[in-house]
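Labels below follow one simple rule: chain letters A, B, ... track the order of the sequence lines, proteins then strands, and each chain is numbered from 1. Since we're looking at a predicted model, the values are computed, not measured.
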Amino acid sequence: MADYSHDCPILHVDMDAFYASVALREHPELVDVPVIVGGAQRGVVLSANYLARAFGVRSGMPSTRARRLCPQAVTLSPDYDTFTAVSSSVMETFRQVTPLVEVVSLDEAFLDVRGATRRLGSPLEVAEQLRATIHDEQGITCSVGLAGSVTLAKIGSRRAKPDGVVVVPPSAVTTYLHPLDVGELWGVGEKTQAMLHRLGLVTVGDIAHTPLRTLQRAIGVALGQHLHGLAWGDDRREITPRHGAFEADKSMGANETFGRDTDDREVIVREILRQTTRVTNRMRVAGVAGRTVTLTVRFADFTTITRSRTLPEATDVTQEVYRTATRLYDALGLQRARVRLVGVRVEGLVARTAVHRQLLLGEREHGWSDADRAVDRATLRYGTAMVGPASLLTARP
DNA sequence: TCTGGGGTCCTAGGACCC
DNA sequence: TCTGGGGTCCTAGGACCC
């Protein structure tokens, strides 16, 4: 096979059906069976092997629907510890090739291999070496897209699936790109795709030949600019080496869907406290504090609202976040609305060392802060189940 | 008994300030 | 005597990604 990859030093590596593939390592007896990795009663499909996909099962799909499509599938519950461990090993393999690794998620990364070709061969050869290594070491397959830019590499890997490689050389960019549906572009989801289709813009080529201003009027200034550029293969996004989340997070949040919808304030407020403790604990571990507290409430009909409040000072104190979130909840004045989910998020995160507490709130806050750190220490030693606010010790509904 | 959980970014209006 | 114009912050919602 001719190697056209010399001008394609950007690799997008994407594990094939990652969660399902990892889960199947632990269950070799299931390799010839449709397998779904997914949540419990009210969950969605996290991943499905290709046998299940043949029945139309897709990740993100409600589990109930997936079971209807493929009743004979075996459902496995996710084991995040294993997923995380496998992911770390894979990312480590990438870093043996180049330090320029941008981790997108557990199962995806961009690599800039410009600095590795002298040592390891053409980008295509590097890609094949990586695929072989991951297969040998982890027992799972991946697909790789190679191009001169991240967007094209990403499109390449999608079209390489499963277990393949696609090279998109610069000379082929427009001929490759223009026939594709607009939905293939990164940043075009369901809504934007539908909107563009309504306007008669079906392919990437249609976007390319639409005046920028027209495009921007339809879908907004920023997105219009972005897509118009991409349609001509103009993508200047650089790879920024990142080890994944947790490095410079701008916000941290937690939410969980109730097993059953509820209108019981006591249950809801207890859940707000539970989510708050999860968030603030993670914040303190990461050494960050934040000023804006956002409460999310999703109702039984799936409509979702948010309410936020910005505090005078950044905080990582559980009680402060909890009190703010609870006030936001009570200000909604809900009567008998059935609530499906509540969530708490803290935004505007900064390093805790950068926060100058003015102690406006007095000694009492100091007390709470000390209490938090005691809980954190205990949590570290005994696990989350053992320590927490007394009001969480009651069983959840 | 359809529809998770973790995030990021953009838009738009109003307040507020100069 | 008709009343600008920007910039920044805050809030709410929405689209998108994995």
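The CZ-P distance, from A/Arg340 to B/dT3, rounds to 4 Å in whole Å. Rounded to a whole Å, the CD atom of A/Glu108 is 17 Å from the P atom of B/dT8. Remark: P of B/dG4 and CZ of A/Arg298 are 6 Å apart, rounded to the nearest angstrom. A/Phe258 places its CZ atom 18 Å from the C1' atom of B/dT1, with the value rounded to the nearest Å. Taking atom CE of A/Met252 as the reference point, atom C1' of B/dG5 lies 15 Å away to the nearest angstrom. A/Leu341 has its CG atom 16 Å from the C1' atom of B/dC2, to the nearest Å. Computed from coordinates, the A/His226 NE2 to B/dT8 C1' distance equals 13 Å when rounded to whole Å. Rounded to whole Å, the distance from CG on A/Asp261 to P on B/dG4 is 11 Å.
Between A/Phe110 and A/His12, the angle of the ring planes lies from 30° to 60°, which puts this pair in the tilted group. A/Phe83 and A/Phe18 have tilted rings, their planes meeting at an angle from 30° to 60° on a 0 to 90° scale.
Comparing C/dC18, B/dC9, B/dG5 by their closest approach to the side chain of A/Lys250 singles out B/dC9. When distances are taken from the side chain of A/Ala254 to each of B/dG5, C/dC18, B/dG6, the shortest belongs to B/dG6. For A/Pro62, taking side-chain heavy atoms from C-beta onward, the closest of the listed nucleotides B/dT3, C/dC10, C/dC18 is B/dT3. Taking every side-chain heavy atom of A/Leu46 into account, B/dG4 is the closest of B/dC10, B/dG4, C/dC10.
Contact annotation for A/Gly38: no contact, since no heavy-atom pair falls under 4.0 Å across all strands. Here A/Arg278 lies in heavy-atom contact (under 4.0 Å) with sugar-phosphate atoms only.
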Do nucleotides 11-16 of chain C as a string where each nucleotide becomes B, S or -: B if the base has a protein heavy atom under 4.0 Å, S if just the sugar-phosphate does, - if no protein is that close. SSS-SS
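Residue A/Asn255 places none of its side-chain N or O atoms closer than 4.0 Å to OP1 or OP2 of B/dG4. Here A/Arg291 reaches the OP1 or OP2 of C/dC10: one of its side-chain N or O atoms lies under 4.0 Å away. Here A/Arg68 does not reach the OP1 or OP2 of B/dT1: none of its side-chain N or O atoms lies under 4.0 Å away.
Toward the 5′ end of DNA chain B lies the nearest nucleotide of A/Arg42, the other residue of the pair A/Arg42 and A/Ser251 mapping further downstream. The 5' end of DNA chain B is approached more closely, in terms of each residue's nearest nucleotide, by A/Asp301 than by the other of A/Asp301 and A/Ile219.
Rounding to the nearest 0.5 Å places CG of A/Leu120 at 12.0 Å from CZ of A/Arg118.
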Going through the checks in order, is the salt bridge (charged side-chain N to carboxylate O under 4.0 Å, His left out) test met by A/Asp316 and A/Arg284? CA-CA 6 Å; A/Asp316 63 359; A/Arg284 291 189 296 267; 5.3 Å; no
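Under a hydrophobic-cluster definition in which Ile, Leu, Val, Met, Phe, Trp and Tyr are linked whenever side-chain heavy atoms come within less than 4.5 Å, directly or via other members, A/Val166 and A/Tyr50 are assigned to different clusters.
Base orientation for B/dT3: anti, the chi torsion being more than 90° from 0.
Electrostatic pairing of A/Lys161 and A/Asp16 counts as a salt bridge here, judged by a charged N lying under 4.0 Å from a carboxylate O. Ionic pairing of A/Lys250 and A/Glu347 is not present here: no N-O contact between side-chain nitrogen and carboxylate oxygen is shorter than 4.0 angstrom. Contact check on A/Arg270 versus A/Asp264 returns no salt bridge, with no Lys/Arg side-chain nitrogen under 4.0 Å from an Asp/Glu carboxylate oxygen.
If you check B/dC18 for Watson-Crick or wobble pairing at under 3.5 angstrom, you find it paired to C/dG5.
Taking atom P on both nucleotides, C/dG4 is separated from B/dG14 by 16 Å, rounded to a whole Å.
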